[in-house]
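A short worksheet on the structure shown next.
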Amino acid sequence: MSRFSDYLASVDGVALDVDGNYGPQCWDLWSHYASNLIGVDPWWLTGTNSGGGCNSHSGYTCGIWYGFGGNLNRWFTAYGPDAAAQPGDVAIWDYGYPNTPYSHVAIVVEDRGGSLYTMTQNPGECHYGQITKNGLLGYLRPDDQSFFGV
């Protein structure tokens, strides 16, 4: 098993509330994943608007994408929504789409063409789920790929 597989197994069924705000949210899974597996300095993860954010949707997870260039590029490379996703990519959906009305972030397990099989949180605890790519902004791919090998 890979460290990525072990990580997924460790959070499946767990309600993560990393920041202590609003209960378990998709943001908490992203933050937990980035700091506990990828090694992102936790201070980069203090808010969805760190590094510029998404001013028109302040406080929503689409800010991870819109604020990416100024901070998270130390650990990740951004790929647009037309790229093929890889296991371990962080998928980010925009604000205002029927399936993600307030934006969303999840961890890719498998690209299934028009949808992604992911580890996601909200609604409910961390769980595997399939999410349409409709509204997808893109992916943040960890630069260190050693977590995903066998």
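Computation of the quantities below employed the complete heavy-atom set of this structure, encompassing side-chain atoms and omitting hydrogens, waters and symmetry-equivalent molecules.
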**Request:** Determine, using ring centers only, whether H32 and Y7 are less than 6.0 Å apart.
**Result:** yes
**Prompt:** With no hydrogens and no angle check, is any side-chain donor or acceptor of E110 less than 3.5 Å from a backbone partner on P87?
**Reply:** no
**Message:** Is there a ring pair (Phe, Tyr, Trp, His ring centres under 6.0 Å) between F4 and F147? Walk through the geometry before answering.
**Reply:** CA-CA 5 Å; F4 177 63; F147 308 108; 9.3 Å; no
**Complete:** Output for pair (D12 CG, M119 CE), nearest 0.5 Å, gives 4.0 Å
**Prompt:** Would you say V40 and V11 are hydrophobically clustered, going by side-chain heavy atoms of ILVMFWY under 4.5 Å?
**Reply:** yes
**Request:** Any chance you could measure L72, atom CG, to I64, atom CD1, to the nearest 0.5 Å?
**Result:** 8.0 Å
**Message:** For W27 and Y102, I'd like to know if the aromatic rings sit close, meaning centre-to-centre distance below 6.0 Å.
**Reply:** no
**Message:** A side-chain contact here means heavy atoms from C-beta on lying under 4.5 Å apart; do T100 and D94 qualify?
**Reply:** no
**Item:** Taking every non-hydrogen atom, the tightest pair across G88 and F148
**Value:** CA-CE2, 3.5 Å
**Asked** Atom SG of C26 and atom CG of L16: how far apart are they, to the nearest 0.5 Å?
**Response** 11.5 Å
**Request:** Drop me the distance from S103's OG to L137's CG, to the nearest 0.5 angstrom.
**Result:** 8.5 Å
**K133 side chain reached by D111 side chain, heavy atoms, under 4.5 Å** = yes
**Request:** Tell me who clusters with L136, hydrophobic residues only, linked when side chains sit under 4.5 Å apart either directly or through other members.
**Result:** Y79, W93, V108, L116, I131, Y139
**Asked** Taking all atoms of both residues into account, what is the closest heavy-atom pair of H127 and E125, and its distance?
**Response** ND1-O, 2.6 Å
**Request:** Check Q121 against C126 and note the closest heavy-atom contact, atom names and distance.
**Result:** OE1-SG, 3.4 Å
**Complete:** Rounded to the nearest 0.5 Å, the OG1 atom of T120 sits from the CD atom of Q130 at a distance of 12.0 Å
**Request:** Starting at CG of D144, measure out to CG of L37 and round the result to the nearest 0.5 Å.
**Result:** 8.5 Å
**Request:** Kindly say whether Q25 contributes a backbone atom to a donor-acceptor pair with the side chain of N122 at under 3.5 angstrom?
**Result:** no
**Message:** Do V18 and L8 sit in one hydrophobic cluster, given that two such residues count as connected whenever their side-chain heavy atoms are within less than 4.5 Å of each other, even indirectly?
**Reply:** no
**Asked** Can you check side-chain hydrogen bond (donor to acceptor under 3.5 Å, both in side chains) on D143 and T77, steps first, answer last?
**Response** CA-CA 6 Å; D143 292 333; T77 299; 2.6 Å; yes
**Prompt:** Is the closest side-chain heavy-atom distance between Y22 and D17 below 4.5 Å?
**Reply:** no
**Asked** For the residue pair Y95 and Y60, is the inter-centroid distance of their aromatic rings smaller than 6.0 Å?
**Response** yes
**Prompt:** Looking at W30, W65, Y33, which hits side-chain contact (heavy atoms from CB on, under 4.5 Å) with V105?
**Reply:** W30
**Asked** If only atom types and distance count, is the side chain of D89 paired as donor or acceptor with the main-chain N or O of A91 below 3.5 Å?
**Response** no
**Request:** Verify, without hydrogens or angle tests, whether T118 (side chain) and G129 (backbone) share a donor-acceptor contact under 3.5 angstrom.
**Result:** yes
